[in-house]
Amino acid sequence: MELHLLLDKLRENKCAPQCFGCPDQSRDLLCVRMLEQKQSAFEPSTLYLTDPDSLPDPSMPEDFAVFCCGDAIDFSAYENSAFTIVYFGNDISCERLFNLTMEHLTELQQITVGMHLLVNAVFSGNGLQYLIDTATHIFGNPIYVVDLQNKYLAMPEGLIPDSEFFREESRSGYISASGIASIRANRLDEKVRRSGTAYYYVNDLVGKGMLVDAVKIQGIEVAHIMMLESEQQFHEYDPDFFHRFSNLVSLELQKDSAYTRNKGMMYSYFLADLLRNSNVSNIRQRLEDLGVHLKETFYIIAIPPAGVGLSNLRQEIILERVKQILPESIYVIYEETIVLLISQDLDQNLNKYEIARLDEYLSANHLKAGISNFFQYLEDTARFYRQAVDSVRIANRLNVPDAICYYSDYYVYRMLETFEKEDTEIRFLIHPGLMKLYLYDQKRETELISTLREYLIHPGQSSLVAENLHIHKNTLLYRLGKIREITGCSLSDGEEFMNLNLSLMIMNYLGMLT
């Protein structure tokens with residue numbers, strides 16, 4: 001157990017450690033011993049206990065840790081010592097400190113022994129089910145692995161809790177509708193991701209506690225593991241142990257070809273050809289011969305690396321999940337970017353449910369996707385691919401946090417980029433009245449620009465604008481009057497609205513707006 005973790009646990013026992021000497025608290029401690037008189041040899045992994053009067057000489061060169069309690073001394077002589085001293089005052093006896101320390105280090109030993117058995121199970125070649133059965137025996141409670149489609153990948157053999165809820169799920173192999181509803185109502189997935197470790201909650205459907213943790217492969221969430229507190233109460237160290245176990249489940253899942261090899265189908269090659277602007281004659285008919293029936297319009301969805309290098313394995317894991325979310329898409333990995341071609345009827349929009357699920361997945365894994373405008377001719381695929389990629393790039397430049405970036409929201413910024421290449425002074429395109437307003441804000445520290453932006457989003461809706469700005473409606477009316485006075489604009493003309501909005505986009509592009 002690392003020293004800082006041991007100190008945290010002792011603080012939970014109402015101890016108040018004070019540290020002197022070497023500040024490094026990352027050293028691993030395996031055992032505890034009483035310090036012997038005139039001891040001169042020390043082990044870095046051993047924790048030594050003594051009283052302040054029996055501390056080693058401050059010049060001792062070894063790197064180790066020593067706990068002490070009793071009457072205080074002047075510790076200034078140990079300020080530059082190579083070893084670490086942790087003083088606990090005189091409110092705790094040396095015997096009590098020894099017993100508490102042993103309890104916590106014993107937990108570590110139990111975790112170490114358990115991890116040794118679980119590692120052997122991973123490398124036994126007996127598969128995920130064997131690993132889960134082994135873990136269930138070690139933890140003493142049933143453990144389940146569920147993929148992101150709510151399908152059970154493994155559940156303990158012969159250990160089904162006495163609950164109709166679990167018997168139903170055991171029979172179907174999927175989380176039930178009531179289980180899914182409970183997960184969503186409790187926002188369990190979100191809480192697990194935010195915790196970063198095993199998360200404890202009480203399952204309201206069975207009235208028992210559960211530990212839930214995310215299983216990740218190269219940082220990408222691929223499954224969840226759950227342990228039910230049905231056979232015995234959880235130990236204090238179970239959350240940490242269970243979190244370590246999730247890494248072993250990750251290793252086991254990586255043996256599955258679904259996570260380790262490109263699952264592209266034959267028509268992915270056609271999409272790659274379209275992206276390369278290759279000959280596309282008769283490509284619609286060739287795809288239909290392969291069972292892909294294209295509709296009237298198309299969208300491109302692109303998930304680029306966005307400046308963060310993605311390994312091949314990580315890309316394929318992401319692609320596997322996105323294919324589940326968008327099952328009717330044609331997909332390929334092109335220029336280190338995951339690219340999907342979506343086909344829709346002219347009177348259809350993108351499926352809101354699928355886009356919501358995609359947004360949730362991307363947000364959870366800190367990814368972004370760009371979505372192009374729709375198009376009708378396959379030979380334009382490469383052009384609209386650039387739209388999708390550009391929308392992510394521009395969103396990153398503007399520090400937009402959205403996980404899904406529609407090109408329709410960024411095309412003006414793309415036009416500004418093009419214009420900037422020809423004339424670097426695009427600031428001169430800003431409406432003169434708006435520039436006056438900007439300078440007025442800068443000089444007097446007012447908020448007229450932000451007021452105008454909100455008003456242009458909701459024109460004529462004074463009550464809503466005031467509510468969004470958290471100001472009184474009379475204050476809004478005063479500000480609008482001031483804006484009209486400074487800009488010389490009536491704020492009632494459609495062309496004025498267009499010019500002011502464009503100028504605000506230029507200012508945003510140039511980083512002038514916060």
Side-chain angles (χ1 to χ4, degrees), residues 1-116 139-140 195-200 209 211 229 232-244:
M1 177 178 288
E2 293 182 7
L3 175 58
H4 70 92
L5 295 177
L6 176 58
L7 293 179
D8 287 343
K9 289 184 175 295
L10 290 171
R11 290 187 184 99
E12 292 173 6
N13 290 109
K14 300 184 179 180
C15 296
Q18 304 174 57
C19 299
F20 305 94
C22 177
D24 181 20
Q25 296 184 7
S26 63
R27 63 170 60 84
D28 273 315
L29 302 173
L30 299 179
C31 62
V32 56
R33 295 184 59 182
M34 298 301 298
L35 184 68
E36 299 176 13
Q37 288 187 349
K38 298 182 180 180
Q39 184 168 333
S40 58
F42 299 87
E43 290 291 332
S45 61
T46 298
L47 173 64
Y48 298 92
L49 261 64
T50 187
D51 60 79
D53 292 327
S54 303
L55 287 171
D57 187 277
S59 62
M60 192 73 69
E62 281 88 354
D63 178 16
F64 59 95
V66 57
F67 282 5
C68 62
C69 57
D71 293 334
I73 63 170
D74 182 5
F75 288 98
S76 60
Y78 293 91
E79 184 176 347
N80 297 313
S81 294
F83 56 94
T84 300
I85 298 169
V86 183
Y87 174 60
F88 289 86
N90 57 10
D91 292 333
I92 186 172
S93 67
C94 197
E95 293 80 7
R96 172 65 174 157
L97 182 58
F98 180 87
N99 288 339
L100 283 174
T101 303
M102 277 296 296
E103 286 176 12
H104 295 308
L105 290 180
T106 299
E107 290 179 6
L108 172 67
Q109 292 171 354
Q110 290 174 305
I111 292 175
T112 301
V113 171
M115 287 297 290
H116 176 73
F139 283 96
S195 72
T197 186
Y199 177 78
Y200 178 84
L211 281 175
E229 196 174 20
Q232 62 181 31
Q233 288 188 335
F234 290 150
H235 299 100
E236 185 178 350
Y237 57 82
D238 273 350
D240 179 49
F241 190 4
F242 197 60
H243 184 58
R244 295 173 189 235

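Closest approach of Cys69 to Ser93, counting heavy atoms only: SG-C, 3.7 Å. Counting all heavy atoms, side chain and backbone alike, Pro17 lies closest to Phe88 at CB-CE2, 3.6 Å. Minimum interatomic distance between Asp24 and Leu3 (heavy atoms only, all atoms of both residues): O-CD2, 4.2 Å. Closest approach of Pro52 to Asp71, counting heavy atoms only: CG-O, 3.3 Å. When every heavy atom of Leu7 is checked against every heavy atom of Cys19, the shortest pair comes out as CD1-SG, 4.0 Å.
Legend: residues meeting side-chain contact (heavy atoms from CB on, under 4.5 Å) with Asn80, ordered by chain and number and at least two apart, are absent. Among residues two or more places apart in sequence or in another chain, the salt bridge (charged side-chain N to carboxylate O under 4.0 Å, His left out) test is passed with Arg33 by Glu36.
For the pair Thr197 and Asp240, the minimum side-chain heavy-atom distance is 4.5 Å or more. Two residues are said to be in side-chain contact when any heavy atoms from C-beta on lie closer than 4.5 Å; Phe98 and Leu47 fail this criterion. Side-chain contact between Val66 and Tyr78 is absent, with no heavy atoms from C-beta onward closer than 4.5 Å. Side-chain atoms of Leu211 and Pro239, non-hydrogen and from C-beta on, do get closer than 4.5 Å to each other.
Rounding to the nearest 0.5 Å gives a distance of 7.5 Å between CD1 of Ile92 and CG of Leu10. How far OG1 of Thr101 is from CG of Leu49: 5.5 Å, rounded to the nearest 0.5 Å. Considering OG of Ser45 and CG of Leu29, their distance stands at 7.5 Å, rounded to 0.5 Å. One distance of note links OH of Tyr48 with CD of Gln39; it measures 5.0 Å at 0.5 Å rounding.
Judged as a salt bridge (charged side-chain N to carboxylate O under 4.0 Å, His left out), not a single pair has a partner in residues 72-100 (not counting sequence neighbours). Applying the ring-ring contact (aromatic ring centres under 6.0 Å, His included) test to residues at least two apart or on different chains, the pairs with a partner in residues 8-35 are Phe20-Phe75. Listed by first then second residue, pairs satisfying salt bridge (charged side-chain N to carboxylate O under 4.0 Å, His left out) with a partner in residues 10-23 read Asp8-Arg11, not counting sequence neighbours.
Judged by distance alone, the side chain of Thr84 and the main-chain N or O of Gly21 form no donor-acceptor pair under 3.5 Å. Under the 3.5 Å distance criterion, the side-chain polar atoms of Tyr87 are matched with a main-chain donor or acceptor of Gly70.
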* To do: Check the pair Cys94 / Asp51 against side-chain contact (heavy atoms from CB on, under 4.5 Å), numbers first and verdict last.
  => CA-CA 8 Å; Cys94 197; Asp51 60 79; over 6 Å; no

Under 3.5 Å donor-acceptor pairs involving side-chain atoms of residues 55-64, not counting sequence neighbours:
from: Asp57; atom 1: OD1; to: Ser59; atom 2: N; distance (Å): 2.8
from: Asp57; atom 1: OD1; to: Ser59; atom 2: OG; distance (Å): 2.4
from: Asp63; atom 1: OD1; to: Arg27; atom 2: NH2; distance (Å): 2.1

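Each of Phe139, Phe234, Tyr199 was checked for a ring-ring contact (aromatic ring centres under 6.0 Å, His included) with Phe242, and the lone residue meeting it is Phe139.
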